Amino acid sequence: QVQLVESGGGLVQAGGSLRLSCAASGRTFSSYAMGWFRQAPGKEREFVAAVRWSGGSTYYADSVKGRFTISRDNAKNTVYLQMNSLKPEDTAVYYCAAGAISPLYKLGRRELYDYWGQGTQVTVSS
C-alpha cells in the first residue's frame, strides 16, 4: 500500500522560510517523479515543483522559481520542498504526489499523478 505523508507545514511571516517533507513508502519509486502541488481556498490545485527519483531532474512553476527548491533523499525515500522568501499568496494546503511520468515537461500535469498525500497547511502572514 503506497503512502505519502507530508509534514513541516505551519504559520510563518512573509519573507520567512519553511521546509516541507514527504515520506514515501509501499513501493519502489525509482522510476517515478515526485511532485508538490498546492490548493488555496476557492482555487484549483496547482503545480509547484517536481523531481525525478532517478537522476534528480527538477521542474518548477514560474511562480516559485528562485524561491523554492525541491530535492530528494533516496536513502530515506523522502522528498523535500525548501520554501524561502514566502509570500501571503503562497498560503495553501500543500500536497505531495507520485507518478510514473515522462518526459520532464509533463511533470506539471496534476492528472498524471497516481498517488497523493493528505496535505499539510502552510500559512504566510503579511
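Just so you know, residue 1 is the first one in the sequence shown, and it goes up from there. This is a predicted model, so every value here is computed, not measured.
One hydrophobic cluster holds both Val48 and Leu18 under the rule that ILVMFWY side chains link at heavy-atom gaps under 4.5 Å. Taking hydrophobic clusters as Ile, Leu, Val, Met, Phe, Trp and Tyr residues chained together by side-chain heavy-atom distances below 4.5 Å, Leu104 shares a cluster with Leu112. Hydrophobic cluster membership is shared by Tyr59 and Phe37, with clusters built from Ile, Leu, Val, Met, Phe, Trp and Tyr side chains linked at under 4.5 angstrom. Phe47 is connected to Trp116 through a chain of hydrophobic side-chain contacts under 4.5 Å among Ile, Leu, Val, Met, Phe, Trp and Tyr, so both are in one cluster. A single hydrophobic cluster is seen to contain both Val51 and Trp53, as judged by linkage of ILVMFWY side chains at heavy-atom distances under 4.5 Å, directly or through other members.
Under a 3.5 Å cut-off, the side chain of Arg67 and the backbone N or O of Ser85 do form a donor-acceptor pair. Arg27 contributes no side-chain N or O that, together with a main-chain N or O of Val2, makes up a donor-acceptor pair within less than 3.5 Å. Between the Thr91 side chain and the Val124 main chain, a donor and an acceptor come within less than 3.5 Å of each other. A donor-acceptor pair is defined here as one N or O able to donate and one able to accept, closer than 3.5 Å; no such pair exists between the side chain of Tyr60 and the backbone of Gly66. Tyr113 contributes a side-chain N or O that, together with a main-chain N or O of Leu107, makes up a donor-acceptor pair within less than 3.5 Å. At distances below 3.5 Å, at least one donor-acceptor pair connects side-chain atoms of Arg52 with backbone N or O atoms of Ile101. Side-chain atoms of Glu6 come within 3.5 Å of backbone atoms of Cys96 as a donor-acceptor pair (strictly under, hydrogens ignored). No donor-acceptor pair under 3.5 Å is formed between the side chain of Asn77 and the backbone N or O of Ser25.
Other residues, nucleotides and ligands place more than 12 heavy atoms under 6.0 Å from the CD atom of Glu111. Around the CD atom of Gln118, the shell of radius 6.0 Å holds no more than 12 heavy atoms that belong to other residues, nucleotides or ligands.
Taking every heavy atom of both residues into account, Gly99 and Asp114 meet most closely at CA-OD2, 3.8 Å. In terms of heavy-atom proximity, Ala92 sits nearest to Gln121 at O-NE2, 3.4 Å. Nearest heavy-atom pair, Pro88 versus Ala14, reported as atom, atom and distance to 0.1 Å: CD-CB, 4.1 Å.
The aromatic rings of Tyr115 and Phe29 stand perpendicular to each other, their planes meeting at an angle above 60°, with 30° marking the opposite boundary.
Note that Arg19 lies in the cation-pi zone of Tyr80, set by a 6.0 Å cut-off to the ring centre and a 45° limit from the axis. Under a cutoff of 6.0 Å and an axis angle of 45°, Arg45 and Tyr95 form a cation-pi pair.
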Before giving the answer on side chain to side chain contact (heavy atoms under 4.5 Å, CB included), spell out for Ser21 and Lys76 the whole-Å C-alpha distance, their side-chain angles and the decisive distance to 0.1 Å. CA-CA 11 Å; Ser21 300; Lys76 295 182 178 180; over 6 Å; no
Evaluate the side chain to side chain contact (heavy atoms under 4.5 Å, CB included) criterion for residues Val64 and Met83: first the C-alpha distance (whole Å), next the side-chain angles of each, then the deciding distance (0.1 Å), finally the verdict. CA-CA 9 Å; Val64 305; Met83 305 185 295; over 6 Å; no
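Lys87 has no carboxylate O lying under 4.0 Å from a charged side-chain N of Asp90, or vice versa, which leaves the two without a salt bridge.
Of the options Leu20, Asn84, Leu86, a side-chain contact (heavy atoms from CB on, under 4.5 Å) to Phe68 is made by Leu86 and by none of the others.
Taking 4.5 Å as the limit, some side-chain heavy atom of Met34 sits within range of a side-chain heavy atom of Leu4.
With rounding to the nearest 0.5 Å, the separation of CD in Gln39 from CZ in Arg110 is 7.5 Å. Rounding to the nearest 0.5 Å places CZ of Arg72 at 14.0 Å from SG of Cys22.
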